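Written out below as structure tokens is the structure these notes cover.
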Protein chains: 2
Amino acid sequence: MARTQGSFSGVTGPRIQDAALKLFARHGYAAVSMRQIAGEVGVQAGALYNYTPDKQSLLFDLMRGHMDQLLAALEREDVPDDPCAALRHFVRFHIRFHLVRRDAVFIAYMELRNLSPENFDVVEGLRRTYEDHLEAILQRGAAAGVFDVPDTKVATLAVIAMLTEITTWYRADGRLTQDEVEAQYLALVCRMLRGAGPDAM
Amino acid sequence: MARTQGSFSGVTGPRIQDAALKLFARHGYAAVSMRQIAGEVGVQAGALYNYTPDKQSLLFDLMRGHMDQLLAALEREDVPDDPCAALRHFVRFHIRFHLVRRDAVFIAYMELRNLSPENFDVVEGLRRTYEDHLEAILQRGAAAGVFDVPDTKVATLAVIAMLTEITTWYRADGRLTQDEVEAQYLALVCRMLRGAGPDAM
DNA sequence: GTCTATAATCTGATAGAC
DNA sequence: GTCTATCAGATTATAGAC
């Protein structure tokens, strides 16, 4: 049940969002003109302004929509009580969610500086909420003694960075299947964080 | 002995490069005009063209210069024979080199899509050469049995991603000193790659 | 809701004076 | 080597016809 974003109901609205997503990801927000977006949709430039007040809102709606979807999907997941299981669950969730939304992921990381200050704060807050979810898992594991992480914030950022970077090189027709990629990163992350005690993971 | 890049000898040339580096990193290549760069330097826009044939060359020279410096610095390092020591050496080198060149690092990762195809191939080749250096260390360690990495290419990308991401959040006046950050990532990386055998690292 | 036309401004790059 | 002036075209956004 995908909720429509902002005022983009109807048919043309979503097509404008799709076109902007594709073009912003490929060429960058600043390098894409409203005429290009209109051309991709098949309308004239003026028609876009029936759906967005300006170009900035187009970018912001894309980024906020992406983060909203991410957090909504995360909340729908059942997080295991066991910290190790929760970590493995998160790794799989993160890879699967991001690999099918590569354009949006790219924009969410590359176009932050093109957001107005107020819009930046909103997106940054949502990103922070997502990071906090992983950090909470690491804290629970550290408290239970199954993870050995001197700084959970650093470990959180390290894990998310290495997982998100997959979206920049993974190809469905490449050397590795998605299952293989998941298995490898699962092993790397678990080994990176596991405690020195009995091998729980 | 910093070698001057391209035709940027003299005084104004380097100032143009510095201004472009700063502005491209802050606002993005496509969002910065030649007039803005000229204004930052304190000359008129036309004067820039005594130093660069066009805006694209300005970007390319920055990126190639950054990668050239990176590879030159890497070659000056003495790489230990022991794979574990070599890995630790690389982690420290990577963090130290990148943390003092945050603008250039940002540009090198964010503006690849704004390079012409030929220029992209050049920069991509240099980046690949750098990755190969780390991968060679991992392969040596895997062959010696001290590292447990099923896929050295994946592990290489994972390590570089988590290390480079430090540049996006580290602040000199922040919670952690650079030495602390180095120590933490050293521990994370070593643990992520170490073999199941006797704890060599 | 889409079109055409246009306002007002900015763009990269060049020519020629000094 | 820097300036001023300028070219030719693109930019976002708006106004009003249909």
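The chains referred to below are lettered A, B, ... by the order of the sequence lines, with proteins before strands, and numbering in each begins at 1. Source: prediction; values computed, not measured.
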*How does protein reach along nucleotides 4-18 of chain C, written 5' to 3' as B (base within reach of a heavy atom under 4.0 Å), S (only sugar-phosphate), or - (no contact)?*
B------BBBB----
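B/Arg92 meets the side-chain hydrogen bond (donor to acceptor under 3.5 Å, both in side chains) test with no other residue; sequence neighbours excluded. Checked against salt bridge (Lys or Arg N to Asp or Glu O under 4.0 Å), A/Glu111 has the following partners two or more places apart in sequence or in another chain: B/Arg113. Under the side-chain contact (heavy atoms from CB on, under 4.5 Å) criterion, B/Ala30 pairs with A/Ala30, A/Ala31, not counting sequence neighbours. Residues that satisfy the side-chain contact (heavy atoms from CB on, under 4.5 Å) test with B/Gln184, not counting sequence neighbours, are A/Pro150, A/Asp151, A/Val154, B/Leu176.
Residue pairs meeting the side chain to side chain donor-acceptor pair (under 3.5 Å) criterion with at least one member in residues 123-133 of chain B, sequence neighbours excluded, are B/His94-B/Tyr130, B/Glu124-B/Arg127, B/Arg127-B/Glu131, B/Arg128-B/Asp132, B/Glu131-B/Lys153.
Under 4.0 angstrom from either OP1 or OP2 of D/dT2 there lies at least one side-chain N or O belonging to B/Thr12.
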